[in-house]
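Here's the structure, in structure tokens; my notes come after.
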Amino acid sequence: MTATAPAPRPAAAASPPPPARPRRPRRGGAGGAALTVLTWAIALVFVSPALWMVLTAFKTEGAAQTDPPTFFFQPTLEQITGVLSADFLPYLGNSLMATLASTALVLVLGTPAAYALSIRPVKRTKDVLFFFISTKMLPVVAVVVPLYVAAAEVSMIDNIWTLVVLYTAMNLPIAVWMMRSFFLEVPSGVIEAARLEGASLPRVLWSVMLPIMAPGVAATALICMIFSWNEFFFAVNLTASQAATLPVYLVGFITSEGLYWAQLAAAATVASLPIVIVGWIAQRQLVRGLSMGAVK
Amino acid sequence: MPRSEHRAGADEKEDRLPTKKRPLRPLAALGALGTAAALLGGCAGAGAIASGGDGTTLVVAIVSNPQMEDAISLQEDFTQEYPNIDVRFVSLPENEARAKITTSVATGGGEFDAVMVSNYETRQWAEFGWLTNLQPYIEESGYDDGDFLGPIRESLSYQGDMYSVPFYGESSFLVYRKDLFEEAGLEMPADPTWQEIADLAAKLDDPESGTAGICLRGLPGWGEVMAPFNSVLHTFGGRWYDRRWNAQLTSPEFREAAEFYVNLVQEHGQPGAAASGFGGCLTHYSQGRAAMWYDATAMVSTVEDPDSSTVVGQNGYAPAPVAETDYGGWLYTWSLGIPASSEHKDAAWKFVSWMTDKEYTKLVAEEYGWERVPPGARASTFETPEYQEVASAYSGVMRQSIARANPQHPTNRATPYSGINFLAIPEFQDLGTRVSQQLSAAIAGRITVEEALRQSQRYAQSVGDSYKEEQ
């Protein structure tokens, strides 16, 4: 989505204007055209797997297997209706629950941590930051059996809250790192001014800093949502019939003894729609948020 | 959100007046989303739990193959008979299902009341006490286990008792394109040898028209390339271990089988063979891009399905090719067992017996036709005239291949293990996968067969040593 968004503007208006940089003149003529073609070609390469997925979703199983793939065919809704008519809704509900609840928790827990590590650095801030990110270095496959046994011990297998807790833990380090860089963007003068006016710490956080950081928070939230929405490994291992999420539903279409490309493509298209919609709505904030660090 | 330009300007003013109350739109939106999530998730969870009613809820883990999906769509028949038993399926692809079921059953996780296992797991798990002995249930309910084909029943039994009951059974055979054979003036021998198949593949290989001489799996995985390769190995007289658990992967017989397999697939196999497993070969063959294919008999449900295949009705079937021994096929079955940790064993048996009974076969035939019935487990299915009619091209070869399989004696020399397409030891999932990676690399041409076998021998010997210690 971001590939087609307008060019990023300078971030928060409250931050000092970036140092004047001579603007490169727009290229015209052959060079400009070549650049446009190249940009489109690269964009097409990136979007082609998704395009193939959407096209295949409207084919029959037989048509999906042709080599080379066909681009002109009689479209059918058979696969899409097949996907929606099965038990789609409980999986969708579980995915929404796991994604949104874990993202909300990440923001609630991650914001104060990022504040402490940027505006009011604690002792050994760097070590703390490294400790946060080091939790991402252990391959998840190494912890899945202990997690399974622990969850079974407290009867939390196949419970959506297990996934909420795990996704929160999984995304928290990334969120802290991201939001810390956004906090660093906030000019210290603004904070000092607010404190001089007598604003309490929560007030400064809520009414001064967060509005400036809103695009950054939106970007962080969206990234956490994407990671949680697509997470498969924990979901497949720690759920069964009650708490399974969409990726688990999706993988059920894969079979080792038959053709399944069209069905799987239809399920994948339907499963990716919510996140595409959220990304599209938040597109402008995202571009601003993700380029916040870049204009420093 | 889209009005961020305006908001940024507003923020500037408010930075000077931080005490002024103002709404925080991004956060408010997030809060609303969180509430929505809690509501939706809560509803979904409640909905999923509540539908069990007053009765028993069974959770059944199955492998997402087409015939199992048919069972899911026919479950209404079961719930009509047992209105108080609600069945929920967890349907996953083979690898994920196997990993999940193994974890759950081994740790007593207890989330499943019935699980789909194969003849690889059943005996081992019965021995470990992880599965419920089904024999008392069979005898009490008058379930017809005498109807199962001998090798299938035997492969799911431990000390004479069945610990899982078969949903369908399979062996391996060779499918070939009769029209291409006719065009080339060739004939398929009634009981082909591997050398004859290699010669035929050389003659039929036609890269210009995009038709490979033969399709053989090359994808790493103990259930992928190792299945056909092991059956080739055993008919070549090779074995993984001698009776004292000395690894035999660099023995002349093993080397001969490996070189034969790798050369055949490299010279006359499908393009990109090192990346094609059962699914890849199925696509190749059913789209007319291979003249022959040696694989599981379960292929027929797709190869002979007009919706998925372009070669329906053009296929001949021959028994698994042989070399030194007089039988070259394998034996595999997907079956249903009840974990020892299940709290609803009686209800689980009702479901397991429903899904594997003769009546279920008739139900599938009525609803979807005889070509969709799960084959290869019950003699009565093969003897039904309607099934014989729709499956005339392959049912005879299939039954013969299953009936002749002898996993207790996979080759012509003694082995300390049983199993043809796999070794029925717990270590084989790991060992088989490691060796398959070597074999696949040899097929891709990245290493030589010699190098692959030397490395594989080391893997196999370390497993063999652990058994030597036990002896």
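Values below: all heavy atoms of this structure, side chains included; hydrogens, waters and symmetry mates excluded. Chain letters run A, B, ... following the sequence lines, proteins first, then strands; residues in each count from 1.
Both the backbone and the side chain of Ser64(B) come within less than 4.5 Å of a heavy atom in chain A. With a 4.5 angstrom heavy-atom cutoff, Phe233(A) does not touch chain B via any of its atoms. Residue Ser308(B) touches chain A through both its backbone and its side chain, counting heavy-atom pairs closer than 4.5 Å. No part of Ser73(B) comes within reach of chain A, as not one of its non-hydrogen atoms sits under 4.5 angstrom from that chain. With a 4.5 angstrom heavy-atom cutoff, Ala240(A) touches chain B via backbone and side-chain atoms both. For Leu250(A), no part lies under 4.5 angstrom from a heavy atom of chain B. In this structure, chain B has a heavy atom under 4.5 Å from the backbone of Thr239(A), while its side chain stays farther away. Both the backbone and the side chain of Val248(A) come within less than 4.5 Å of a heavy atom of chain B. Looking at Ile254(A), both its backbone and its side chain come within 4.5 Å of chain B, counting heavy atoms on both sides. Only the backbone of Asp307(B) comes within contact range of chain A, with heavy atoms under 4.5 Å apart.
Phe112(B) meets the ring pair (Phe, Tyr, Trp, His ring centres under 6.0 Å) test with no other residue; sequence neighbours excluded. With sequence neighbours left out, Asp305(B) forms a salt bridge (charged side-chain N to carboxylate O under 4.0 Å, His left out) with no residue at all.
Interface remark: of the candidates Thr283(B), Thr310(B), Val63(B), Thr283(B) forms the most heavy-atom pairs closer than 4.5 Å to chain A. Among Val251(A), Leu196(A), Ile191(A), Asp158(A), the residue with the largest count of heavy-atom pairs under 4.5 Å with chain B is Val251(A).
No hydrogens or angles considered: nothing links the side chains of Ser309(B) and Tyr285(B) as a donor-acceptor pair under 3.5 Å. With no hydrogens or angles considered, a side-chain donor-acceptor pair links Ser228(A) and Asn171(A) at under 3.5 Å. A side-chain donor-acceptor contact under 3.5 Å links Trp293(B) and Asp295(B). Side chains of Glu231(A) and Tyr167(A): a donor-acceptor N/O pair is present below 3.5 angstrom, by distance only. Residues Glu69(B) and Ser91(B) bring a donor and an acceptor atom of their side chains to less than 3.5 Å of each other. A donor and an acceptor atom, one from each side chain of Thr255(A) and Asn65(B), are located under 3.5 Å apart.
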